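Below is one structure, written out as structure tokens, with a few remarks after it.
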Amino acid sequence: MPRLALYAFAVCVLAVAAAVVSFARGSWLGVVWILLLGVSSNIAWYYVRKAKNDKAAAAAGR
């Protein structure tokens with residue numbers, strides 16, 4: 001798995017934890033964390049799919 005995808009997944013996990021804590025404390029700031037979760041998960045999946053496609057293209061080009 002690409003390093004950037006791992007970093008993005010780590011941000012996802014931290015965003016979930018921050019959202020839970022924010023909502024548990026009664027703060028609406030958790031909405032921002034949920035939005036960050038969406039963006040970081042999309043970035044993670046992008047890099048996972050990109051690595052998969054690059055690997056398939058390299059195998060087909062041989």
Side-chain angles (χ1 to χ4, degrees):
M1 185 177 292
R3 184 181 300 157
L4 289 174
L6 290 175
Y7 290 155
F9 278 128
V11 170
C12 288
V13 171
L14 292 174
V16 168
V20 168
V21 169
S22 292
F23 285 131
R25 291 184 176 181
S27 173
W28 284 97
L29 188 62
V31 173
V32 175
W33 292 113
I34 296 297
L35 293 174
L36 180 65
L37 170 67
V39 171
S40 63
S41 68
N42 285 340
I43 291 171
W45 286 119
Y46 169 79
Y47 282 114
V48 168
R49 283 181 299 199
K50 183 179 181 303
K52 182 180 175 184
N53 290 338
D54 289 347
K55 186 176 180 181
R62 288 184 183 178

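Given the structure is predicted, the values throughout are model-derived calculations rather than measurements. Just so it is clear, the values below take in all heavy atoms, side chains as well, and ignore hydrogens, waters and symmetry mates.
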Is there a continuous path of hydrophobic side-chain contacts, each under 4.5 Å between heavy atoms, that joins [X] to [Y]?
X	Y	value
W45	M1	yes
Y7	V39	yes
V21	V16	no
V32	V11	yes
L36	L29	yes

Exercise. According to the side chain to side chain donor-acceptor pair (under 3.5 Å) rule, which pairs have a member within residues 46-57, sequence neighbours left out?
Worked result: K50-D54
For this session: Identify, with sequence neighbours excluded, every residue that meets side-chain hydrogen bond (donor to acceptor under 3.5 Å, both in side chains) alongside N42.
Result: none
Problem set entry | Listed partners of A18 passing side-chain contact (heavy atoms from CB on, under 4.5 Å), at least two apart | W33
Exercise. How far apart are the closest heavy atoms of F23 and V31, and which atoms are they?
Worked result: CZ-N, 3.7 Å
For this session: Kindly give the heavy-atom pair with the smallest separation between A19 and G30, and that separation in Å.
Result: CB-O, 4.0 Å
